[in-house]
Amino acid sequence: MTDEAHQESDSGIHRLEQHRRDNRRAVAELGLSPYGSRTPGLETLAAAAARYDPAADAEHKERGKEDGFEDRRPAVKVAGRVVLHRDNGSLVWMNIRDDTGDLQIAISKRDCPDAEFRLAKITDVGDVVVAEGPLVRTRTGEVTVWAFSLRPASKCLIPPPEKHAGLQDVELRYRQRYIDMWANPRTLRVFKLRSKIVSRTRRFLDERGFLEVETPMLQSLAGGAAARPFITHMNALDLPLFMRIAPELYLKRLLVGGLPRVYEINRNFRNEGLDKHHNPEFTSLEVYEAFGDYSTMMELTESLIRELAQLVAVEFENASGRDADEGELHVGLTLPFGDLAIDYGSPFERVTYAELFRRVLGFAMTDARRARAEAKKRGLKHDGLADALVVNELFERIAEPTLDPARPTFVTDYPAALSPLTRTHADDPELAQRWDLFIGGMEIGPAYTELNDPDIQDARFREQLAGIGEAESTFRTLDEDFLRALKVGMPPAGGLGLGIDRIVMLLTNQRTIRDVILFPLMRPAD
RNA sequence: GCCCUCCUAGCUCAAUUGGCAGAGCAGCUGACUCUUAAUCAGCGGGUUGUAGGUUCAAGUCCUACGGGGGGCACCA
């Protein structure tokens, strides 16, 4: 048996990787450094291609061989990863890619130093190169860098994915995102958009006088939500710590301290299941506004999401090369999400919890006996549940799914029994000043008029804690310091929580949360 | 936690009823100065996720395990 019969050589290196290692050595033997060095004066592929000058190109084609001819074709210096490689003998073509697009490079034996022409011949798909030369248009009409210089910048030792289909294996796409990103341009587009969505969100809030803050992610009490936390440990203080499940209780302390408008965009960690809408670590936006309430939060949220949709619509137009003046998206401002066309331009729908319940179920949510009978009839949970929970079971299973997923909808005024930590209406203590926003069938986030009476908050906390089981009590305890902060006096306030990952899913038309998180949690492969 | 489903060459995918594991791309050798999923001629490349089992014979059927995807349940 020869070595060639083995997939791997004695050193355990795959034959395809070995060929690439051999090519890397050949590059070094040409006197070129396979891993490149600092390179000033580079421009993006899109910017370079945009500088193509048809007149100069035509002039050069006509009179390029005349004595004393002055070449006025713009010369560009670009870098990118090789995605296609066509060796035509004494003329090598390659297409390189950066985050702005692809560009064709031609390396001719006649016009390039010998070592650099030989580099072109042994360049592998996946390598990163720097090319320099005038912009020309080929006979088939493609803008091309006609290189007078080609340099190596980095070697790709791993065989790349299939050149046309790209990297299809979902598992590999998540585990080896660095390949997915360059092999599938769509992936890079989504994550660039995500970044723009987040920075526009910051700008939107900054412009309105909100201050971005960072509160603890390691907490000795994990409060602000009812999820299971991750537990960790600090050696120096021999202290058990929780990863935060929400920043809420710290942000409210800041209202007490005298910051009237604060927000935080950061990670939360919840030790629960994972599915297409849940990753154990996810990014949320929380906003608090002193002297606001859940209505001011509603206006803020609607404007923010409309502005983000507008941003994405403009990006789409730019990407598809459409004339921005066409205005089609601006008039309607709809964005695709799967089979839906979600309308962000029209005023969002508003419906009260009670109204939606009555409309769909046919009776008032205050009719507990009827609700219980209805739940039983439909085979929903009801035994041993409080009235409000039976009503909510009907609401979530029957009423909520009737919302039009193509119309962003605020469901307002939840039963107070379901929202013990929210201020109730002055004229109806059974209703909480809370709304939830639904878009595309997903819950995007809630907002509240915050409770700021320390005695009521204290009582509600204790009621909640009284109802929990043994297991929960290990991570749910009363935050005495938070109650002390409320006793110092927190102004009346509106509070908002939005799931950033889900907003990005909606706006970039990605059906699973893993496609908007760069490195979603995966089980270790081995 | 339960149910369904997928895992075949570096990548993308085939393989009929259980009957010799294949193709394209990528790779290697050669030709080619306007190609563009370059083309042309030739050549290599496999422990079919892992471990067992049934069978004359297993990619295919059975069991367990690992990983992925989907659904259900759980989860203010």
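Predicted, not measured: the structure shown is a model, and the values here were computed from it. Protein chains get the first letters and strands the later ones, always in sequence-line order, with residue 1 at the start of each.
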Task: P gap between rA9(B) and rG71(B), integer Å - done: 27 Å
- [ ] Tell me what R397(A) touches on the nucleic acid: a base, only sugar-phosphate, or nothing, going by heavy atoms under 4.0 Å.
- [x] sugar-phosphate
Open item on the list: Pick the closest RNA chain B nucleotide for G273(A) and for Y174(A) by heavy atoms, then say which residue is nearer the 5' end.
Closed with: Y174(A)
Task: Between rG44(B) and rA51(B) - C1' atom distance, rounded Å - done: 31 Å
TODO: State plainly whether the residues D515(A) and R511(A) are in salt-bridge range, i.e. N to O under 4.0 Å.
DONE: no
TODO: Write down the distance separating the P atoms in rG52(B) and rA58(B), rounded off to the nearest Å.
DONE: 14 Å
Task: Per K381(A) side chain, nearest of listed nucleotides rG67(B), rC75(B), rU12(B) - done: rC75(B)
Task: L437(A) side chain reached by T301(A) side chain, heavy atoms, under 4.5 Å - done: yes
- [ ] Starting at atom CZ of R97(A), determine the distance to atom P of rA37(B), rounded to an integer number of angstrom.
- [x] 13 Å
TODO: Flag the pair L119(A) / T123(A) as yes when at least one side-chain heavy-atom distance between them is below 4.5 Å, and no otherwise.
DONE: yes
Open item on the list: If you compare every side-chain N and O of H164(A) against the phosphate oxygens of rC25(B) (OP1, OP2), does one of them come in below 4.0 Å?
Closed with: no
Task: E142(A) CD to rA37(B) P, straight-line distance once rounded to whole Å - done: 9 Å
- [ ] For the pair D501(A) and R267(A), find out whether any cationic side-chain nitrogen is under 4.0 Å from an anionic carboxylate oxygen.
- [x] no
Task: RNA chain B-proximal residues of residues 98-111 of chain A, any heavy atom under 4.0 Å - done: Q104(A), S108(A), K109(A), R110(A)
- [ ] On the 0 to 90° scale, with breaks at 30° and 60°, tag the F230(A)-F269(A) ring pair as parallel, tilted or perpendicular.
- [x] perpendicular
Task: Protein-nucleotide distance (D124(A), atom CG; rC25(B), atom P), rounded to Å - done: 18 Å
TODO: Under the side chain to side chain contact (heavy atoms under 4.5 Å, CB included) rule, collect the residues that match up with R63(A), sequence neighbours excluded.
DONE: E59(A), E66(A), F69(A)
- [ ] Remember a base hit wins even if backbone is also touched, and classify E171(A) as base, sugar-phosphate or nothing at under 4.0 Å, heavy atoms.
- [x] sugar-phosphate
Open item on the list: Can you work out whether E248(A) or M522(A) has the more 5'-proximal nearest nucleotide on RNA chain B?
Closed with: M522(A)
Task: Residues in contact with RNA chain B, drawn from residues 80-95 of chain A - heavy-atom cutoff 4.0 Å - done: L84(A), R86(A), D87(A), N88(A), G89(A), S90(A), L91(A), W93(A)
TODO: Would you indicate, yes or no, if rC25(B) has its OP1 or OP2 atom less than 4.0 angstrom from a side-chain nitrogen or oxygen of K163(A)?
DONE: no
Open item on the list: Taking R118(A) first and then D114(A), would you say they form a salt bridge - that is, a charged N and a carboxylate O separated by under 4.0 Å?
Closed with: yes
- [ ] Nearest whole angstrom, please: distance from the C1' of rU12(B) to the CG of D180(A).
- [x] 15 Å
Task: Non-neighbouring partners of L340(A) that pass side chain to side chain contact (heavy atoms under 4.5 Å, CB included), sequence neighbours left out - done: F337(A), I342(A), P405(A)
Task: Interatomic distance at C1', rU54(B) relative to rG1(B), whole Å - done: 31 Å
- [ ] Please determine, for the side chain of T512(A), which listed nucleotide (rC74(B), rG70(B), rG45(B)) has the closest atom?
- [x] rG70(B)
Open item on the list: Test of understanding: with side chain to side chain contact (heavy atoms under 4.5 Å, CB included), list the residues that count as partners of R350(A), not counting sequence neighbours.
Closed with: M298(A), E302(A), F410(A)
TODO: Compare the minimum distances between each of rC28(B), rG10(B), rU35(B) and the side chain of H19(A), then state the nucleotide with the smallest one.
DONE: rC28(B)
Open item on the list: For D436(A), is there an ion pair with R434(A) - N to carboxylate O distance below 4.0 angstrom?
Closed with: yes
Open item on the list: Tell me whether R423(A) is salt-bridged to D293(A), with the criterion being a basic N under 4.0 Å from an acidic carboxylate O.
Closed with: no
TODO: Look up atom CZ in R502(A) and atom OG1 in T283(A), then write down how far apart they are to the nearest 0.5 Å.
DONE: 12.5 Å
TODO: Nearest whole angstrom, please: distance from the P of rU50(B) to the CZ of R523(A).
DONE: 20 Å
- [ ] Tell me what R514(A) touches on the nucleic acid: a base, only sugar-phosphate, or nothing, going by heavy atoms under 4.0 Å.
- [x] sugar-phosphate
Task: Distance between C1' atoms of rU29(B) and rG67(B) (Å, rounded) - done: 39 Å
- [ ] Kindly point out which of rA26(B), rU12(B), rA73(B) is positioned nearest to the side chain of Q168(A)?
- [x] rU12(B)
Open item on the list: Less than 4.0 angstrom between a side-chain N/O of K276(A) and OP1 or OP2 of rG71(B), yes or no?
Closed with: yes
- [ ] Figure out the CD/C1' separation between E396(A) and rC74(B), and round it to whole Å.
- [x] 13 Å
Open item on the list: Can you identify which nucleotide, out of rG70(B), rG67(B), rC74(B), has its nearest atom closest to the R175(A) side chain?
Closed with: rG67(B)
Open item on the list: Using the side-chain heavy atoms of N23(A), tell me which of these nucleotides is nearest: rC34(B), rC28(B), rC25(B).
Closed with: rC28(B)
Task: Euclidean distance, atom CG of residue D169(A) to atom P of rA9(B) [Å, nearest integer] - done: 11 Å
- [ ] Would you give the length of the straight line joining atom CG of L251(A) to atom CG of L496(A), rounded to the nearest 0.5 angstrom?
- [x] 11.5 Å
Task: rC32(B) versus rA41(B) - spacing of their C1' atoms, nearest Å - done: 12 Å
- [ ] With rounding to the nearest 0.5 Å, note down the distance linking CG in L486(A) to CD in E450(A).
- [x] 10.0 Å
Task: Whole-Å gap separating C1' (rA73(B)) and CG (L274(A)) - done: 15 Å
Task: C1' atoms of rA15(B) and rG27(B), separation to the nearest Å - done: 24 Å
Task: Integer angstrom distance from the P of rU47(B) to that of rA21(B) - done: 14 Å
- [ ] Identify all stems in which RNA chain B takes part, counting only runs of at least 3 consecutive pairs (Watson-Crick or G-U wobble, each distance under 3.5 Å), and give each as one range with another, ordered by first number.
- [x] B:1-7 with B:66-72, B:10-13 with B:22-25, B:27-31 with B:39-43, B:49-53 with B:61-65
